[in-house]
Amino acid sequence: MQTLLWTLIIIATLGTASYFRMKLMNATIAVAIAMLLGSIFGPVGGIAWLVFLIIAIPLNVESLRKKYLTAPILDTYKKIMPEMSSTERDAIDAGTVWWDGEIFSGNPNWQALHSIPQARLSAEEREFLDGPVAQVCQMVNDWDITHKDTDLTPEVWQFLKDNKFFAMIIKKQYGGLEFSAYAQSRVLQKLSGVSAVLSTTVGVPNSLGPGELLQHYGTKEQQDHYLPRLATGEEIPCFALTGPEAGSDAGSLPDSGIVCKGEWEGKEVIGLRLTFDKRYITLAPVATVIGLAFKMYDPDGLVGDKEDIGITCALLPRDTKGMEIGNRHFPLNVPFQNGPIRGTDIFVPLDFIIGGVGMAGQGWRMLVECLSVGRCITLPSASAGGAKSIALATGAYARIRRQFKMPVGKMEGVEEMLASIGGNAYLMDAVTSLTTKAVDLGEKPSVVSAICKYHLTEKMRQLVNDAMDVHGGKGVMLGPNNYLGRGYQGAPIAITVEGANILTRNMMIYGQGAMRSHPFVLKELYAASNEDKEQGLNDFDDAVFGHIGFAISNTFRSIWFSLTGARLAGAPFDDETAVYYRSLQRFSSNLALLSDVSMAVLGGELKRRERISARLGDVLSYIYLASAVLKRYDDQGRLKEDLPLVHWAMQDCLFKLETALTELFENFPSKVMGVMLKAIIMPFGRSYQRPSDKIEHKIASILQSHNGSRTRLGEGQHFGEQDCLMGDLEQTLKDVLASEPVFDKVCKAAKQRYPFTGLDAIAQKGLELEVITEQEAELLKRTEAGRLRTINVDDFDPKELIANTQAAKPKRRSAKTTEAA
Ligand SMILES: Cc1cc2nc3c(=O)[nH]c(=O)nc-3n(C[C@H](O)[C@H](O)[C@H](O)COP(=O)(O)OP(=O)(O)OC[C@H]3O[C@@H](n4cnc5c(N)ncnc54)[C@H](O)[C@@H]3O)c2cc1C
């Protein structure tokens with residue numbers, strides 16, 4: 001009994017030292033003290049001390065440790081770790097580690113999260129949003145764009161150029177707006193609330209493309225020539241990476257640029273002979289300057305001694321001789337300008353390379369560096385903006401539309417959908433605010449950008465689906481009065497671009513996260529590949545023993561948190577949100593432990609076990625999304641009325657996170673290890689439920705009435721007063737809510753329960769019974785008109801729906817034509 005007791009005391013001492021992450025020497029001293037007490041008061045004897053010394057001495061004496069432990073571990077490590085390709089290395093090296101590093105630490109510093117300043121607009125940015133952005137929202141008619149014109153009108157194009165919408169990222173010295181990432185995000189949110197074609201047209205030139213690449217890597221001459229012209233819209237850019245054979249695996253592009261001599265403007269110069277076949281290129285049909293990615297080869301050694309130079313980016317003017325450009329693809333009835341670009345043996349001078357010949361072969365690194373920022377902004381913001389507008393529109397519609405003599409939004413089944421729409425919209429806005437603020441603080445959070453891209457576009461797809469269900473036939477019937485259908489049709493576009501989502505979830509989020517955000521993995525990798533053997537051994541020793549201590553600490557922390565339900569973990573606030581901070585701390589330790597075990601069990605194989613990687617990525621992602629929700633709640637003053645939205649978003653994240661964990665244990669490649677991990681991390685099964693019906697009811701109520709939470713949810717979106725579907729819905733919701741007591745008065749006086757239809761007749765009745773005023777009668781009449789506009793759908797003369805038959809019938813690209821191209 002005494003032996004068991006002292007064994008437990010010694011393990012508890014080791015556990016406590018690990019929990020608090022004491023240094024190795026201090027932890028050794030603590031265990032030695034426990035053993036000493038065990039020798040004085042208990043049965044700890046010679047054998048126990050012998051074991052202790054055999055372990056403690058080599059660990060604590062540096063020279064012994066390096067010779068007998070670190071060196072053999074390093075040798076084995078070098079044998080089992082797979083080689084990293086140069087494109088993988090570029091992807092890992094691009095970007096910075098930010099809050100994702102804290103999540104991987106197993107013990108996130110909440111103070112650090114809450115001390116990130118709240119994202120805010122400058123006066124100039126606010127003016128732009130309230131002025132030109134609101135104006136262009138009022139100018140566009142999404143039905144005309146998507147059905148009649150299949151483009152923005154010439155007036156809208158000109159307005160966008162004149163007001164520098166394409167120059168939000170371009171520095172002021174070149175005539176651009178030089179807006180913060182947060183401001184760009186708010187602009188795109190607002191635009192996407194009215195038209196996906198509009199937000200895509202504005203989003204793309206401000207994301208990855210010539211503007212961004214030139215500012216970072218262009219030569220002075222290139223910057224001076226192009227940036228002022230891009231700022232004024234004189235040049236419209238596009239960026240061409242994807243081709244028929246290189247989609248997700250963009251690095252495998254077959255397009256080539258062979259260094260050779262040729263004639264340019266009457267002189268013989270060294271240049272590139274380019275052959276390429278690109279597709280899906282946004283803005284290509286109207287672009288005047290084309291960013292082109294290709295592989296550069298120098299077979300005759302004209303620019304150096306390397307034949308295969310690697311991926312390179314160049315800028316080609318549209319009128320470059322031999323370039324085929326102008327045709328359009330037709331992306332899912334959301335007809336923003338998008339099309340193919342082709343060229344065979346086109347000769348251009350070397351100074352078309354972005355950054356000049358010195359940047360030849362650096363194209364992939366340039367792209368992934370820019371993408372780690374761009375992916376935080378464009379697609380997440382467009383998704384969040386769409387979500388915010390849809391949340392308000394669906395709430396209003398559900399309150400206005402009645403069936404079974406009550407608003408459909410009062411029905412429990414519909415409440416469930418409304419809650420998901422509202423909760424997700426709250427979360428999505430929180431994520432874009434936090435992430436764009438990080439960009440503004442100088443971060444290039446590549447792992448977080450992949451999380452944002454994947455989760456926000458997926459949430460948008462889910463949300464628009466839910467909204468369609470709530471709208472029933474009103475969502476299905478396309479026409480000028482349908483504000484949902486095009487968003488529903490276009491949702492897969494955001495899923496596909498900038499890293500298709502299956503790939504992003506299964507490969508990128510955790511694949512990069514484990515390398516980039518883990519505190520020791522990359523250090524070990526770099527140490528192992530250090531050509532200076534001695535320095536490599538020293539660095540590896542630091543990293544690998546730090547890593548072992550880290551793994552032991554996370555094991556003890558995980559056990560402690562699961563036994564106590566993390567009730568004793570720290571939280572920065574002692575209120576309803578404390579439980580969430582504690583839970584996230586627990587899951588952060590679990591993620592760190594699971595990462596180490598997965599890497600130890602699977603090694604390089606982890607890269608190919610995509611479904612394991614995806615579930616670990618889900619754990620990482622949900623901790624990030626949940627952190628953003630807690631940050632938003634605090635930034636906005638911890639307003640109690642927003643708590644249902646916070647609870648829903650947090651509980652949904654935690655529930656999905658636990659689902660990912662459960663599936664991970666069940667599918668872990670080593671069954672024994674899966675069972676052991678479950679015993680450590682979730683010994684009592686699941687702790688988190690889906691958000692309750694009560695919370696869902698509260699959110700449904702928030703969306704269906706005018707209140708502070710709902711206003712904050714739709715903050716910044718466009719609700720115009722004239723000819724604006726969203727504005728009309730908002731006004732009609734207001735009118736319906738105001739009309740209900742008036743309607744009740746009439747029913748009471750008439751001693752009859754009328755249906756809430758034909759409100760103009762009810763108004764007449766009320767006046768006759770002298771129970772309502774003229775003003776109240778006017779309100780009822782206005783409400784009836786708005787109600788009918790809301791529930792009615794469009795119908796057409798059959799001729800109107802026949803597509804333009806004058807245009808040439810598009811040819812199907814056959815194998816033969818592909819070959820010929
Ligand atoms: C509307 C639109 C606009 C675009 N704009 C541009 C542009 O301006 N410039 C440009 O260069 N490109 C552009 N693209 C290209 C876009 O980036 C690619 O479509 C995207 O990279 C995916 O390539 P793919 O469509 O060929 O799909 P594929 O690569 O054929 O992928 C098919 C499926 O396989 C999955 N997959 C592939 N590899 C893996 C893996 N290792 N693990 C798990 N799943 C995997 C993908 O997730 C996807 O679901 C655009 C595309 C569209 C549709």
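Residue numbers run from 1 in the order of the sequence given. In each ligand, atom 1 is the first atom listed, and ligand 1 is the first ligand listed.
With respect to Glu663 and Arg615, a salt bridge is recorded, a charged nitrogen being found less than 4.0 Å from a carboxylate O.
Note on residues 322-353: pairs passing ring pair (Phe, Tyr, Trp, His ring centres under 6.0 Å), not counting sequence neighbours, are Trp264-Phe352, Tyr280-His329.
Using cut-offs of 30° and 60° for the angle between ring planes, the His455 and Tyr622 rings count as perpendicular.
A search for salt bridge (Lys or Arg N to Asp or Glu O under 4.0 Å) contacts involving Lys148 returns Asp144, not counting sequence neighbours. A search for salt bridge (Lys or Arg N to Asp or Glu O under 4.0 Å) contacts involving Arg273 returns Asp345, not counting sequence neighbours.
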Which pairs of N or O atoms, one from ligand 1 and one from the protein, are separated by less than 3.5 Å, and what is the distance for each pair?
| residue | atom | partner | partner atom | Å |
| --- | --- | --- | --- | --- |
| ligand 1 | 5 (N) | Tyr280 | O | 2.7 |
| ligand 1 | 5 (N) | Thr282 | OG1 | 2.9 |
| ligand 1 | 8 (O) | Thr282 | N | 2.9 |
| ligand 1 | 9 (N) | Phe239 | O | 2.8 |
| ligand 1 | 11 (O) | Leu241 | N | 2.8 |
| ligand 1 | 11 (O) | Thr242 | N | 2.9 |
| ligand 1 | 11 (O) | Thr242 | OG1 | 3.2 |
| ligand 1 | 12 (N) | Thr242 | OG1 | 2.7 |
| ligand 1 | 23 (O) | Ser248 | N | 3.4 |
| ligand 1 | 29 (O) | Ser248 | N | 2.8 |
| ligand 1 | 29 (O) | Ser248 | OG | 2.6 |
| ligand 1 | 31 (O) | Ser248 | OG | 3.4 |
| ligand 1 | 41 (N) | Glu610 | OE2 | 3.4 |
| ligand 1 | 42 (N) | Glu610 | OE1 | 3.2 |
| ligand 1 | 42 (N) | Glu610 | OE2 | 2.7 |
| ligand 1 | 47 (O) | Leu503 | N | 3.2 |

Would Val464 and Ile390 satisfy side-chain contact (heavy atoms from CB on, under 4.5 Å), going step by step from the backbone distance to the final call?
-> CA-CA 7 Å; Val464 73; Ile390 288 174; 3.9 Å; yes

